[in-house]
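Since the structure comes first, as structure tokens, the remarks are kept for the end.
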Amino acid sequence: MHAVTALLALVALAVPAAPALADDAAPEDSAQWGLRKESPIEVCQPAGQQAYLEQLVCSDQTRPRFERGGNVGSRNPPSSDRAVREHQFEAMMTFAPLAEGTPDYHVIDRYDVHCGETTTAVYMDMYHCPAVPVPRAPAGFTLQD
């Protein structure tokens, strides 16, 4: 259990919180979808991340290069209660679907996606299983099979 506590502490400190969106701007409807940790692309496990990224096409119609930049912490600020944080972490590791209305505390991964000389940070949440195929791409990209 010490490893879980240590990991949760690192996640909580990983990155300062980004500014919140305006109340009327739902992250999933935002032009910033997939480009902010608060509105990541939801996939299932690392294989889902890889499969999604392999479908991206740059604005010049080339395929991008990409690499994992690391995790950037929790989508939402974790609870200050240790027992609650441990429960949230254990639930995340099961890859179980979230109940409707449940806050999402999943750890978000950043991928650096390179189109020529331009690098774009793309944020992904790999804990949404089973994942429904994502039919859209972040701003500046399209999808192709």
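We use all heavy atoms of the structure for the numbers below, so side chains are in, but hydrogens, waters and symmetry mates are not.
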(request) Fit a plane to each ring of Phe66 and Tyr111, take the angle between them on a 0 to 90° scale, and name the class: parallel (under 30°), tilted (30 to 60°) or perpendicular (over 60°). (result) perpendicular

(request) Please examine the side chains of Val122 and Arg110, heavy atoms only from C-beta on, and report whether any two atoms are closer than 4.5 Å. (result) no

(message) Let me confirm one number: the CG-CG distance from Leu98 to Asp125, rounded to the nearest 0.5 Å.
(response) 8.0 Å

(request) Working to the nearest 0.5 Å, report the span between CD of Gln144 and CD of Glu54. (result) 13.0 Å

(request) Could you tell me the separation between the CD atom of Glu67 and the OG1 atom of Thr119, rounded to the nearest 0.5 Å? (result) 7.5 Å

(message) Between Val113 and Leu143, is there shared hydrophobic-cluster membership here, with clusters defined by ILVMFWY side-chain heavy atoms closer than 4.5 Å?
(response) yes

(request) Find out whether Asp109 and Pro46 are in side-chain contact, i.e. whether some heavy atom of one side chain is under 4.5 Å from a heavy atom of the other. (result) no

(message) Just so I know, are the side chains of His128 and His106 near enough to count as touching, which here means a heavy-atom distance under 4.5 Å?
(response) yes

(message) Can you give me the closest heavy-atom contact between Tyr52 and Arg136, atom names plus distance?
(response) OH-O, 2.6 Å

(request) Spell out, as yes or no, whether a donor-acceptor pair under 3.5 Å connects the side chain of Ser74 to the backbone of Tyr105. (result) yes

(message) Testing the basics here: between Ala137 and Leu56, what is the closest heavy-atom pair and its distance to 0.1 Å?
(response) CB-CD2, 4.1 Å

(message) Nearest 0.5 Å, please: how far is CG in Asp81 from CD in Glu86?
(response) 9.0 Å

(message) Using side-chain heavy atoms (C-beta onward) and a distance below 4.5 Å, is Cys115 in contact with Pro64?
(response) yes

(message) So, taking the atom named OH in Tyr127 and the one named CD in Glu42, what distance separates them when rounded to the nearest 0.5 Å?
(response) 13.5 Å

(message) Show the nearest heavy-atom pair for residues Ala139 and Ala31, with the distance to one decimal.
(response) CB-O, 3.7 Å

(request) Any chance you could measure Ser59, atom OG, to Phe141, atom CZ, to the nearest 0.5 Å? (result) 8.0 Å

(message) So which atom in Pro138 and which in Leu35 form the shortest heavy-atom distance, rounded to 0.1 Å?
(response) CB-CD2, 3.8 Å

(message) Are Met93 and Met124 linked, directly or through intermediate hydrophobic residues, by side-chain heavy-atom contacts shorter than 4.5 Å (ILVMFWY only)?
(response) yes

(message) Any side-chain to backbone donor/acceptor pair from Arg75 onto Ile108? Under 3.5 Å, distance only.
(response) no

